[in-house]
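Quick caveat, the model's predicted, so the values are computed rather than measured. Chain A is the first sequence line, chain B the second, and so forth, proteins listed ahead of strands; every chain is numbered from 1.
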Number of protein chains: 2
Amino acid sequence: MRSTAEARRATVLNAAVSAFARTGFHATPVTAVAAAAGISEAYVFRLFAGKLGLFVAAAGACFERIVVVLEAGAERAGDAGPEEVLEAMGDAYAELIADRDLLLFQVQAQAVTDVPEVAEAVRAGYKRVATFVRSRSGASDAQVQQFFAYGQLCHLIVTAGLEQVPEPWARALTAGIRHP
Amino acid sequence: MRSTAEARRATVLNAAVSAFARTGFHATPVTAVAAAAGISEAYVFRLFAGKLGLFVAAAGACFERIVVVLEAGAERAGDAGPEEVLEAMGDAYAELIADRDLLLFQVQAQAVTDVPEVAEAVRAGYKRVATFVRSRSGASDAQVQQFFAYGQLCHLIVTAGLEQVPEPWARALTAGIRHP
DNA sequence: GATGTTTGTGAGTGCACACTTACAAACATG
DNA sequence: CATGTTTGTAAGTGTGCACTCACAAACATC
């Protein structure tokens with residue numbers, strides 16, 4: 001026994017978020033996750049209920065980490081007004097353009113919502129994030145909605161690689177989106 | 001010879017957009033597209049350069065149809081001011097919540113942007129749409145950006161099924177998004 | 001140190017699916 | 001109506017991958 005099952009699950013989930021973020025649910029073999037986590041494929045299947053169970057658990061971990069990122073960002077704004085806190089959270093979220101895992105995983109999860117378990121996990125995740133943003137910032141419904149709208153735009157920018165496109169239409173879409 | 005190859009390609013592309021929209025690139029077997037188009041799998045492979053070629057062609061057809069939808073929407077606003085035209089285009093786009101194919105295909109395409117050919121097709125598609133929205137409405141960069149941000153929010157709402165969620169956080173995200 | 005439990009793996013099994021090939025029928029053209 | 005071309009398919013082939021199982025080693029407890 002080198003490690004407890006619970007600790008293994010945590011490292012596997014980190015590997016899973018990264019792997020699924022890059023190649024998506026169906027194109028990511030469990031072998032790849034197992035290799036990234038440094039254990040055998042068979043043991044991954046003992047730790048999680050099938051590939052789907054692994055993906056759903058990874059979704060939970062992903063949204064958990066997103067809340068942590070936003071919380072850290074909000075901390076930098078202290079207890080200023082809603083606009084300032086939202087702005088700080090936006091900056092924090094924009095940092096995910098560099099460390100793409102959390103951003104891309106959401107895109108991948110949205111693409112598998114034809115599987116009911118995944119759809120449920122996505123709803124649960126956004127519920128966590130939305131209620132946190134709302135309560136931590138004290139912003140209005142419309143402001144929260146705008147926050148998520150531009151967050152989703154961020155997903156498009158990253159997946160399509162629009163930061164690299166110098167043409168005017170792409171500059172218009174990426175304007176004001178700050179990255180580190 | 002029941003049909004010309006070009007006509008076949010068109011019907012296959014329609015079937016492909018629908019099929020890929022629902023289950024995505026990797027989880028959609030070419031057999032499914034062929035069956036929906038009413039021809040054999042082998043012939044699909046003769047009409048298109050592999051599954052990837054089919055998907056890329058379907059992406060082209062998808063964005064083409066999106067421009068048509070937006071154009072029809074803009075037509076209803078005539079040549080009013082930018083805000084009015086954008087509003088009309090927004091209404092037209094929101095109708096895609098009902099006929100989900102065009103909306104979901106974009107989500108699926110964004111999820112396969114690790115394949116360079118798909119990334120390129122997505123960029124080309126959004127270039128078409130963005131330049132059209134810009135020139136047809138005469139709106140500012142910031143307005144166009146906002147248009148796309150809320151469009152992407154629309155994708156989240158549909159994939160996660162948030163219209164069906166009565167809780168306050170979901171209502172906040174879906175507020176003002178009009179569906180028929 | 002014998003027994004039980006948890007952690008871990010190697011070697012399979014079966015199936016789904018991308019892609020090919022060999023062949024047939026419909027149509028055109030002289 | 002012979003010859004060539006395009007449209008179409010049935011029946012494979014090979015491979016990748018989800019998932020299982022039998023078995024082994026580390027650890028705990030008495």
**Report entry** Any donor-acceptor N or O pair under 3.5 Å, side chains A:Q143, A:E83
**Finding:**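 Yes, A:E83 and A:Q143 have a side-chain donor paired with an acceptor closer than 3.5 Å.
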
Query raised in the report: Looking at OH of B:Y150 and OH of A:Y150, how far apart are the two atoms once the value is rounded to the nearest 0.5 Å?
Result: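 That separation rounds to 6.5 Å.
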
Query raised in the report: Using 4.0 Å as the upper bound for N to carboxylate O, is an ion pair formed by A:R76 and A:E95?
Result: yes

**Report entry** Salt bridge flag under 4.0 Å for residues A:R136 and A:E75
**Finding:** yes

Query - Sub-4.0 Å heavy-atom contacts from residues 25-57 of chain B onto DNA chain D, ordered by number - result: B:I39, B:S40, B:A42, B:Y43, B:R46

Query - Centroid-centroid under 6.0 Å between B:F55 and B:F105 rings - result: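 Between B:F105 and B:F55, which both carry aromatic rings, the centre distance is below 6.0 Å.
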
Query raised in the report: For D:dG8, does either OP1 or OP2 sit under 4.0 Å from a side-chain N or O belonging to B:R8?
Result: yes

